[in-house]
Amino acid sequence: MANNEEKKPIQSPRMIMLSNGQQVIAGIEVSDGSDFIRLSEPYKVRIHENAVDSETYFVEERMSLTPWMFQTVDKVYSVHKNHIVSIGMPNQNLTEYYNNVRMGLFPSVKKELQPLPTKEQNDKSFEKAMEDMS
C-alpha cells in the first residue's frame with residue numbers, strides 16, 4: 001500500500017455464506033448481467049469453540065477475522081453467484097470490528113520475527129548479565 005493511500009471504511013459490508021460453508025465479510029459489488037459478485041477486502045469469519053465443562057455441555061464461542069486469501073496483493077475478488085448461498089447484513093459490532101481490522105487499528109499479534117541468537121550471542125549476553133550483577 002502506498003504511503004499516500006488511505007484505507008476507508010466500506011460503507012455497508014455484507015456477510016456472505018459460501019457454498020463450501022465459509023462465512024466471509026466483505027464489501028460487495030454486483031453488476032447487472034454478470035454471473036460474478038465482487039468481494040472487496042474479504043475476511044473469513046472463524047469461529048473458535050471451547051467446551052466450558054464436560055458436565056453441562058456448554059460451549060463458548062469466539063470469533064476472529066482472517067484475510068480470505070493470504071499473501072495476495074488484490075483487494076477485490078470475483079466469486080461466481082453459484083458459490084453464494086446467502087448474503088446478510090452484519091450487526092454493528094461485527095461491522096466495526098471488520099473496519100478496525102481492515103484499517104489496521106489492532107496491533108499485529110506477531111511482532112517482527114528476529115533470528116534466533118547464536119550460542120556465542122547467548123554466552124555474551126550471559127557474561128554481560130553476570131558483570132551487571134557484580
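Numbering starts at 1 and runs along the sequence shown. Below, each value reflects all heavy atoms present in this structure, side chains not excepted, and no hydrogens, waters or symmetry copies.
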Using the rule given for side-chain contact (heavy atoms from CB on, under 4.5 Å), can you reason through Val45 versus Val24, listing the C-alpha separation, both sets of side-chain angles and the distance that settles it, and then say yes or no? CA-CA 6 Å; Val45 177; Val24 177; over 6 Å; no

Is there side-chain contact between Ile37 and Ile87, with at least one heavy-atom pair below 4.5 Å? yes

Ring centers of Trp68, Tyr43 separated by less than 6.0 Å: no

Would a hydrophobic clustering, with Ile, Leu, Val, Met, Phe, Trp and Tyr connected at side-chain separations under 4.5 Å, put Val85 with Ile47? no

Residue pair His48 / Ser64, side-chain heavy-atom distance below 4.5 Å: yes

Lys NZ or Arg CZ of Arg38 over Phe36 ring: under 6.0 Å, within 45°: no

Which value, rounded to the nearest 0.5 Å, describes the distance between Gln22 atom CD and Lys44 atom NZ? 5.0 Å

Could you give the distance from CE (Met130) to OG (Ser125), rounded to the nearest 0.5 Å? 12.0 Å

What's the separation between atom CG in Leu18 and atom OG in Ser86, rounded to the nearest 0.5 Å? 11.0 Å

Please check if the side chain of Arg14 supplies one atom and the backbone of Ser12 the other of a donor-acceptor pair under 3.5 Å. yes

Any Met63 side-chain heavy atom under 4.5 Å of Leu94 side chain: yes

Can you name the nearest heavy-atom pair linking Pro90 to Pro13, along with the distance? CD-O, 3.1 Å

For the CD atom on Glu120, are there more than 12 heavy atoms of other groups (residues, nucleotides or ligands in this structure) within a distance under 6.0 Å? no

Taking the side chain as every heavy atom from C-beta outward, state whether Leu65 and Ile25 have any pair of such atoms under 4.5 Å apart. yes

When you compare the side chains of Tyr77 and Ser40, does any donor N or O come within less than 3.5 Å of an acceptor on the partner? no

Do the side chain of Asp74 and the main chain of Val76 share a donor and acceptor less than 3.5 angstrom apart? no

What I'd like to find out is whether the side chain of Gln23 reaches to under 4.5 Å of the side chain of Met15, using heavy atoms alone. yes

Lys81, NZ: over 12 other non-hydrogen atoms inside 6.0 angstrom: yes

Can you find a pair of side-chain heavy atoms, one from Val79 and one from Ile84, that are under 4.5 Å apart? yes

Does Met17 belong to the same Ile/Leu/Val/Met/Phe/Trp/Tyr cluster as Leu39, with side-chain heavy atoms less than 4.5 Å apart forming each link? no

